[in-house]
Amino acid sequence: METFDDRTPVLIAGGGLVGLAASLFLARQGIRSLLVDRHPGVSIHGRARGINQRTMEIYRAFGIEADVLKAGAPFDDEAGVARCETLAGPWEWLYEQEAPRAWPDLTAGEFCMADQNTVEPILIDAAVNTGAVHRFNTELLSFDSDENGVTARIQDRVTGERRTVRADYLIAADGNRSPIREKLGIARPDAYTFLHSMNIVFRADLSEFVQRRALFWMIANPAAGVFGGLVSTADPSRWQLTVSYDPKTESEADFSDERCLRLIRGAIGRDDVPAEVENVASWEQGVGVAERYRDGRVFLAGDSAHTWPPAGALGANTGVQDAHNLAWKLAHVLKGWAPADLLDSYEAERQPLAAHLAPAIVRHQQARMSGATEPEDPPTQILDYRYWSDNREILAPPGGRAPHLWLGRDGERIAVHDLFRDTYVLLTDSDTGPLPDLSAPVRIYRIGRDLIDLETQWPSRYGSGSALIRPDGYIAWRSTSFPPPPPPPRG
Ligand SMILES: Cc1cc2nc3c(=O)[nH]c(=O)nc-3n(C[C@H](O)[C@H](O)[C@H](O)COP(=O)(O)OP(=O)(O)OC[C@H]3O[C@@H](n4cnc5c(N)ncnc54)[C@H](O)[C@@H]3O)c2cc1C
């Protein structure tokens with residue numbers, strides 16, 4: 001019989017943004033997890049940069065919003081997308097103004113640009129300081145799952161030491177090529193890759209050419225063989241040039257420093273600019289949504305579950321929001337506050353969302369590449385998705401995200417979503433009546449008594465009565481009078 005070196009309620013395979021976020025969300029709900037990633041540490045590349053309002057609203061509730069905003073401060077003045085043959089030549093602005101970062105009527109979360117390599121350490125610190133265990137340089141070699149848990153074999157890539165881990169649940173946050181998804185045989189119907197990209201991270205002083213920082217520059221210099229994009233990083237002398245390549249004939253090894261410098265200078269349009277190549281990494285731009293997000297005790301989250309092009313910055317954001325949806329359900333089941341079938345709602349809620357987003361994001365990317373106007377309505381796309389009802393008749397309907405409110409308590413200003421983290425919350429405008437009978441703990445706040453409705457928005461956003469809100473900020477149950485006992489929430 002196999003013996004176990006480690007036991008953990010949740011094993012997380014993959015320490016990108018999604019795995020790290022899952023470990024933080026679980027830790028803050030009192031659930032221990034072990035995260036393994038085969039890389040030595042955080043991402044070297046900026047990669048996903050745009051953190052949308054919903055993700056920032058969640059980061060706010062978990063206490064890391066201020067740090068993330070600080071990490072994003074260098075990007076505060078960046079806006080627009082420019083097209084040029086070379087950076088030194090004339091630019092055509094495809095658009096110059098960014099959509100507003102704040103949607104004050106809808107959320108306290110403000111859009112933030114911050115490099116993945118600066119946000120990941122914030123997630124790591126917050127998670128580890130709350131009890132999560134992270135092991136980098138550690139690969140998940142194999143796993144088997146049964147009806148009671150998952151047995152995984154992991155290996156330290158430095159020492160070669162192998163350990164066997166027994167976990168109640170496994171989160172596959174192992175990226176686009178997800179070995180876990182592959183092993184489980186979970187298909188991604190209609191998945192295809194349309195672009196193979198090589199990211200070249202380099203150092204150079206480009207201040208002579210960049211009077212105004214764009215969000216990114218689309219560069220097409222046929223004479224130099226450069227077709228790609230240039231993006232800034234938080235460090236003003238560090239840049240990333242992304243070019244396409246053909247994986248059938250080339251790999252990272254073919255991108256020598258000499259070749260990268262030729263490409264960098266071709267993009268700048270000057271041969272005499274000193275530059276130093278720091279790192280080269282390949283990645284795929286494609287689209288694919290897993291047909292299932294769950295196999296027994298294994299859950300897919302992030303790029304392992306869905307992948308699509310960068311337009312709209314919904315890749316990492318949707319992944320972090322998957323982790324947010326899953327973490328409270330795992331926590332409730334592990335604490336015995338909910339039956340195990342609550343976990344069925346993870347796939348039921350998140351998979352259709354990805355299937356819905358994928359074609360819209362492909363259209364968005366195509367429009368962006370052809371210079372057309374941005375096609376989507378971001379507030380609706382980011383905040384207004386409903387998990388199980390489309391009832392537009394009542395305010396704050398079940399299945400939708402709880403509408404934003406500014407609330408006051410002892411002189412403190414609280415966004416309603418700051419209240420949602422580890423338990424159900426009942427908001428009510430009545431101050432009498434029995435408490436609902438749930439197996440899970442519920443925090444009850446009486447609007448006007450425990451919390452002041454600072455902008456008098458409760459009537460226009462919630463109407464009257466009570467709203468039972470899940471730990472992820474989605475409405476589980478509504479009543480217009482307080483309160484017949486609600487049925488036990490099922491997700
Ligand atoms: C090189 C690269 C560049 C990118 N650049 C951009 C960009 O410029 N713009 C953009 O919008 N998006 C970009 N993306 C995509 C974006 O970063 C992702 O959508 C998002 O970060 C997904 O996060 P994730 O945590 O789900 O997956 P990932 O960030 O891919 O993380 C998966 C992690 O799992 C680990 N892992 C995999 N298998 C195992 C195993 N068996 N054992 C242990 N660990 C394992 C990997 O080491 C990795 O750290 C890029 C992706 C990559 C890989």
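Computed from a predicted structure; not experimentally measured. The basis for the numbers below is simple: all heavy atoms, side chains too, and nothing from hydrogens, waters or symmetry mates. Atoms within each ligand, like the ligands themselves, are counted from 1 in listed order.
Every N/O-N/O distance between Thr138 and ligand 1 stays at or above 3.5 Å. Here's the thing with Ser282: none of its N/O atoms is less than 3.5 angstrom from an N/O atom of ligand 1. In terms of polar-atom proximity, defined here as any N/O pair under 3.5 Å, Arg38 does make such a contact with ligand 1. An N or O contact shorter than 3.5 Å is missing between Ala301 and ligand 1 by distance. Considering both main-chain and side-chain atoms, Asn176 never comes within under 3.5 Å of ligand 1 through any nitrogen or oxygen pair.
A salt bridge (Lys or Arg N to Asp or Glu O under 4.0 Å) with Asp6 holds for exactly one of Arg135, Arg166, Arg153; it is Arg135. A side-chain contact (heavy atoms from CB on, under 4.5 Å) with Arg49 is found for one member of Val231, Val119, Thr118 and no other, namely Val231. Put simply, the residue from Leu314, Thr318, Val320 that forms a side-chain contact (heavy atoms from CB on, under 4.5 Å) with Thr55 is Val320.
If you number the atoms of ligand 1 from 1 as listed, the ones under 4.0 Å from a heavy atom of Ala173 come out as 32 (C), 33 (C), 34 (O). Near Gly302, with a cut-off below 4.0 Å to any heavy atom, the atoms of ligand 1 are 26 (O). Heavy-atom contacts of Glu139 reach the following atoms of ligand 1: 41 (N), 42 (N), 43 (C) (cutoff under 4.0 Å). Those atoms of ligand 1 that come under 4.0 Å of a heavy atom in Leu140, given as number and element, are 40 (C), 41 (N), 42 (N), 43 (C). Residue-ligand proximity, Gly175 to ligand 1, at heavy-atom distances under 4.0 Å covers atoms 27 (O), 30 (O), 32 (C). Those atoms of ligand 1 with a heavy atom of Leu17 less than 4.0 angstrom away are 25 (O). Which parts of ligand 1 touch Gly16 is read off a 4.0 Å heavy-atom cut-off, strictly below it: atoms 25 (O), 29 (O), 31 (O).
Around atom 10 (C) of ligand 1, the closest heavy atom drawn from Ala172, Ser197, Ser304, Pro310 belongs to Pro310. For atom 13 (C) of ligand 1, the nearest non-hydrogen atom from the set Trp283, Phe136, Phe216, Phe143 belongs to Trp283. Distances from atom 34 (O) of ligand 1 to the heavy atoms of Ala48, Gly14, Ala281 show the closest one on Gly14.
Within 6.0 Å of atom CZ in Arg177, 12 or fewer heavy atoms from other residues, nucleotides or ligands are found, so the atom counts as exposed in its surroundings.
Between His306 and Trp308, the angle of the ring planes stays under 30°, which puts this pair in the parallel group of the 30/60° scheme. Taking the six-membered ring where the residue is Trp, His324 and Phe62 present perpendicular rings, their angle passing 60° and hence far from 30°. Ring geometry, Tyr474 versus Tyr387: the interplanar angle falls under 30°, so the pair is classed parallel (tilted spans 30 to 60°). Aromatic ring pairs are classed by plane angle as parallel below 30°, tilted from 30° to 60° and perpendicular above 60°; the pair Tyr346 and Tyr293 is tilted.
Salt-bridge annotation for Arg101 and Asp76: present, with a side-chain N of the basic residue lying under 4.0 Å from a carboxylate O of the acidic one. With respect to the salt-bridge test (charged N to carboxylate O, under 4.0 angstrom), the residues Glu57 and Arg54 qualify.
For the pair Gln116 and ligand 1, a heavy-atom separation below 4.0 Å is found.
The side-chain tip of Arg297 points at the ring of Tyr169 from less than 6.0 angstrom away and within 45° of straight on.
With a 4.0 Å cut-off on non-hydrogen atoms, Arg177 does not touch ligand 1 at all.
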